[in-house]
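Structure first, then comments.
This one's a predicted model, so the numbers in the text were calculated from it and none came from an experiment. Reckoned from all heavy atoms, side chains included, excluding hydrogens, waters and symmetry mates.
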Amino acid sequence: QLQLVESGGGLVQPGGSLRLSCLAYGTVLDYYTIFWIRQPPGKEREGVSCITGNGFMTSYADSVKGRFTISRDNAKGTIDLQMNDLKPEDTGVYYCAAPRMFALCELSPDPQLNTWGQGTPVTVSE
């Protein structure tokens, strides 16, 4: 059974950087597209990025394109999100999540996500 655990969140100033990590374990990771989802305070969850099981395809929300980079290392069982030039609107709880095996890496329509990490909060503020 796939399980996910996020880490790396914290408080950062606008323009700063943060690297989130998602540790995946319990099954063969190569089969799973992994998503990073965030939930700003008082708002609905939104897709940030995704990466296919083999790492060959990625997708980003327009709001983070050029600033965030998703990557994975299946040997280590990790999926990272490097976040640069952070803005206050990036504030929220960030989750890594997985749909069914071999799912597409598309942020729209909203993906059907079956497995979630516990979330790690990110606050971008002076």
Side-chain angles (χ1 to χ4, degrees):
Q1 183 178 352
L2 177 65
Q3 292 183 277
L4 305 170
V5 181
E6 305 95 332
S7 63
L11 175 64
V12 64
Q13 294 181 229
S17 296
L18 210 56
R19 190 176 185 92
L20 307 182
S21 292
C22 174
L23 177 64
Y25 59 95
T27 190
V28 178
L29 184 58
D30 307 61
Y31 299 160
Y32 291 92
T33 291
I34 302 295
F35 290 72
W36 280 100
I37 309 293
R38 69 185 180 191
Q39 185 167 24
K43 297 182 179 180
E44 296 292 325
R45 291 174 178 173
E46 60 181 349
V48 176
S49 185
C50 58
I51 185 166
T52 55
N54 57 16
F56 289 172
M57 297 180 65
T58 60
S59 187
Y60 299 91
D62 288 343
S63 60
V64 308
K65 199 169 297 181
R67 299 188 297 120
F68 291 12
T69 303
I70 192 170
S71 61
R72 69 190 296 161
D73 186 335
N74 288 350
K76 296 180 179 179
T78 57
I79 306 91
D80 291 351
L81 185 68
Q82 177 65 45
M83 306 187 296
N84 297 326
D85 191 25
L86 283 161
K87 305 176 184 297
E89 49 264 45
D90 294 318
T91 293
V93 179
Y94 283 68
Y95 302 86
C96 59
R100 61 173 175 81
M101 290 187 291
F102 308 112
L104 296 176
C105 179
E106 297 288 347
L107 299 177
S108 182
D110 290 345
Q112 299 299 306
L113 301 170
N114 301 319
T115 304
W116 294 75
Q118 83 288 355
T120 186
V122 172
T123 302
V124 184
S125 178
E126 294 287 357

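- Each of Y32 and I37 belongs to its own hydrophobic cluster when Ile, Leu, Val, Met, Phe, Trp and Tyr are linked at side-chain heavy-atom distances under 4.5 angstrom.
- Cluster annotation: L4 and V28 are assigned to the same hydrophobic cluster (Ile/Leu/Val/Met/Phe/Trp/Tyr, side-chain heavy-atom contacts under 4.5 Å, transitive).
- Residues G92 and P41 come closest through the heavy atom pair CA-CD, 4.2 Å.
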_Could you walk me through whether N84 and Q82 satisfy the side chain to side chain donor-acceptor pair (under 3.5 Å) test, starting with their C-alpha distance in whole Å, then the side-chain angles of each, then the deciding distance to 0.1 Å, before giving a yes or no?_
CA-CA 7 Å; N84 297 326; Q82 177 65 45; 2.9 Å; yes

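- Side-chain contact check for F35 versus V48: every heavy-atom pair is 4.5 Å or farther apart.
- Judged by distance alone, with hydrogens and angles left aside, the side-chain atoms of N74 form a donor-acceptor pair with the main-chain N or O of G53 at under 3.5 Å.
- The two residues Q3 and T115 have their closest heavy-atom pair at CA-CG2, 4.5 Å.
- Using a 4.5 Å heavy-atom cutoff, the side chains of Q112 and P99 are not in contact.
- Residues L107 and C50 have side chains in contact (heavy-atom distance under 4.5 Å, counting atoms from C-beta outward).
- Between C22 and D80 the shortest heavy-atom distance is N-OD1, 4.3 Å.
- Of all heavy-atom pairs spanning C96 and E6, the tightest one is N-OE2, 2.7 Å.
- Looking at heavy atoms from C-beta onward, T78 lies out of side-chain contact with S21 at the 4.5 angstrom threshold.
- By the 4.0 Å N-to-carboxylate-O rule, R38 lies close enough to D90 to be salt-bridged with it.
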*What's the verdict on side chain to side chain contact (heavy atoms under 4.5 Å, CB included) for I70 and I79, showing C-alpha distance, side-chain angles and the deciding distance?*
CA-CA 7 Å; I70 192 170; I79 306 91; 4.1 Å; yes

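- By the criterion of side-chain heavy atoms lying less than 4.5 angstrom apart, applied directly or through intervening Ile, Leu, Val, Met, Phe, Trp or Tyr residues, L2 is not grouped with L113; the two fall into different hydrophobic clusters.
- K65 has a carboxylate O that lies under 4.0 Å from a charged side-chain N of D62, or vice versa, which qualifies the two as a salt bridge.
- Under the 4.5 Å side-chain heavy-atom criterion for ILVMFWY residues, no single connected hydrophobic cluster contains both I34 and W116.
- Residues S7 and L23 have side chains not in contact (no heavy-atom distance under 4.5 Å, counting atoms from C-beta outward).
- Under the 30°/60° scheme for interplanar angles, the aromatic rings of Y31 and F102 are found to be tilted.
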*asked:* Working note: R72 + L29, criterion side chain to side chain contact (heavy atoms under 4.5 Å, CB included); need CA distance, chi angles, decisive distance, verdict.
replied: CA-CA 10 Å; R72 69 190 296 161; L29 184 58; 3.2 Å; yes

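- Between T58 and T69 there is no side-chain heavy-atom pair separated by less than 4.5 Å.
- Under the 4.5 Å side-chain heavy-atom criterion for grouping Ile, Leu, Val, Met, Phe, Trp and Tyr, V124 is connected to F68 within one hydrophobic cluster.
- Contact annotation: the side chain of Q118 approaches that of V5 to within less than 4.5 Å [non-hydrogen atoms, C-beta and beyond].
- The shortest distance between side-chain heavy atoms of M83 and S49 does not fall below 4.5 Å.
- Remark: side-chain polar atoms of T52 are paired, donor with acceptor, to backbone N or O of M57 under 3.5 angstrom.
- The two residues G47 and A61 come nearest to each other via the heavy atoms O-CB, 3.5 Å.
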